[in-house]
J.: 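My questions will all concern the structure given below.
Heavy atoms only: backbone and side chains are in, while hydrogens, waters and symmetry mates are out. Throughout, a chain's letter reflects where its sequence line sits, starting with A, and its residues are numbered from 1.
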Protein chains: 2
Amino acid sequence: MRHSTYKCNNGCPVEATLEIIGGKWKGVILYHLMERTYRFGELKRVMPGVTQRMLTKQLRELEADGIIHRKVYAEVPPKVEYSLTDVGESLRDVMMMMRDWGRNHFGL
Amino acid sequence: MRHSTYKCNNGCPVEATLEIIGGKWKGVILYHLMERTYRFGELKRVMPGVTQRMLTKQLRELEADGIIHRKVYAEVPPKVEYSLTDVGESLRDVMMMMRDWGRNHFGL
DNA sequence: CGGAATCCAGATTGATACTG
DNA sequence: CAGTATCAATCTGGATTCCG
């Protein structure tokens, strides 16, 4: 998914939203962050199959879109925590609705 | 977005839903079909920028996922109408939620 | 630990031309 | 009208290596 410059396909608000949350791993990432703050390594562990490269990339995009916050601790070894911003938090209803539909439609 | 074989990334229901509606043009297509039935050419006209090839492909995927229905009229020249199935209709709340979020977040 | 940089194969997409 | 076929260009994601 070529990345959103806040330019919306055909002025469609649905597409605009999908540009933000439609990335390959963004659903899972946000789904986890809805629950609590996660460290990079933790996210990687709860997302079997994701590569370090992709996880980083998706997190950076979500950060650029103002959905998540990246907090770097000045420690050795490094520690980075990811959490939802207020904007990210405002996606909760959307996420829960998608979750419910997914559960009903498949049998998750 | 590689296509769903109803196999869900990490068993995450959010990702499962995104696999269905997250395709490049699926948001816009569904957004229009929420309103009424459309013919192929009509959809093409209301979606500036989509190519015939891509529109066909996305419609076929939505059809395969049971979201939309394709009705072919035995006429010359050909006439094909696309409409929501019951399953597609069940996505209405999800779509409206994404639309609302998009409107609020951007100023659409 | 949490990345960044590089390389590359394969998937996606666009352009164009053709058809029942 | 509503596609299909083909080819080229682009984009994506995975593997690997290195680094503070």
J.: Give me the bend of the helix from dC1(C)-dG20(D) to dG20(C)-dC1(D), using the axes of the five pairs at each end, rounded to 10°.
T.: 50°
J.: It should be established whether R39(B) places a side-chain nitrogen or oxygen under 4.0 Å from OP1 or OP2 of nucleotide dC1(D).
T.: no
J.: Scan K44(A) against the nucleic acid and name what it touches under 4.0 Å (heavy atoms): base, sugar-phosphate only, or nothing.
T.: nothing
J.: According to a strict under-4.0 Å criterion, is R70(A) in side-chain N/O contact with OP1 or OP2 of dG3(C)?
T.: yes
J.: dG3(C) phosphate, OP1 or OP2: any side-chain N/O from Y82(A) under 4.0 angstrom?
T.: yes
J.: Within this structure, what is the OH-to-P distance between Y38(A) and dC1(C), rounded to whole angstrom?
T.: 18 Å
J.: Please state how far atom CD in E63(B) lies from atom C1' in dA2(D), giving the value in whole angstrom units.
T.: 14 Å
J.: Expressed as a whole number of angstroms, how long is the span from L55(A):CG to dC1(C):P?
T.: 14 Å
J.: Are any of R45(A)'s side-chain N or O atoms less than 4.0 Å away from OP1 or OP2 of dC1(C)?
T.: no
J.: Any donor-acceptor pair under 3.5 Å linking the side chain of R92(B) with the backbone of M34(B)?
T.: yes
J.: Sugar-phosphate means primed atoms, P, OP1 and OP2; the rest is base. With that split, encode nucleotides 15-20 of chain C 5' to 3' as B, S or - using protein heavy atoms under 4.0 Å.
T.: B----B
J.: Send over the distance from W25(B) CH2 to dT12(C) C1', rounded to a whole Å.
T.: 13 Å
J.: Name all pairs fulfilling the side chain to side chain donor-acceptor pair (under 3.5 Å) condition that reach into residues 43-53 of chain A, sequence neighbours left out, sorted by first residue then second.
T.: none
J.: Between CZ of R103(B) and SG of C12(A), what distance do you get to the nearest 0.5 Å?
T.: 9.5 Å
J.: Going hydrophobic residue to hydrophobic residue with side-chain gaps under 4.5 angstrom, can you get from L91(A) over to M96(B)?
T.: yes
J.: Distance check needed: dC1(D) P versus L43(B) CG, whole Å only.
T.: 14 Å
J.: Between L59(A) (CG) and dG3(C) (P), how many Å, whole number?
T.: 7 Å
J.: Closer than 3.5 angstrom, by distance alone: can the side chain of S83(A) be matched with the main-chain N or O of T37(A) as a donor-acceptor pair?
T.: no
J.: Does K24(A) put a side-chain nitrogen or oxygen below 4.0 Å from OP1 or OP2 of dT12(D)?
T.: no
J.: Roughly how far, to the nearest 0.5 Å, is CE of M54(B) from CG of L59(B)?
T.: 10.5 Å
J.: So, the side chain of E81(B) versus the backbone of K71(B): is there a donor-acceptor pair under 3.5 Å, distance only?
T.: no
J.: When the distance from CZ of F40(B) to C1' of dA2(D) is rounded to whole Å, what number comes out?
T.: 6 Å
J.: Please report the distance, rounded to the nearest Å, between CD in E61(A) and P in dG3(C).
T.: 15 Å
J.: Should V76(A) and F40(A) be regarded as members of a common hydrophobic cluster, given that ILVMFWY residues are connected when their side-chain heavy atoms come within less than 4.5 Å of each other, either directly or indirectly?
T.: no
J.: How long is the span from the CG atom in D65(A) to the OG1 atom in T85(A), to the nearest 0.5 Å?
T.: 10.0 Å
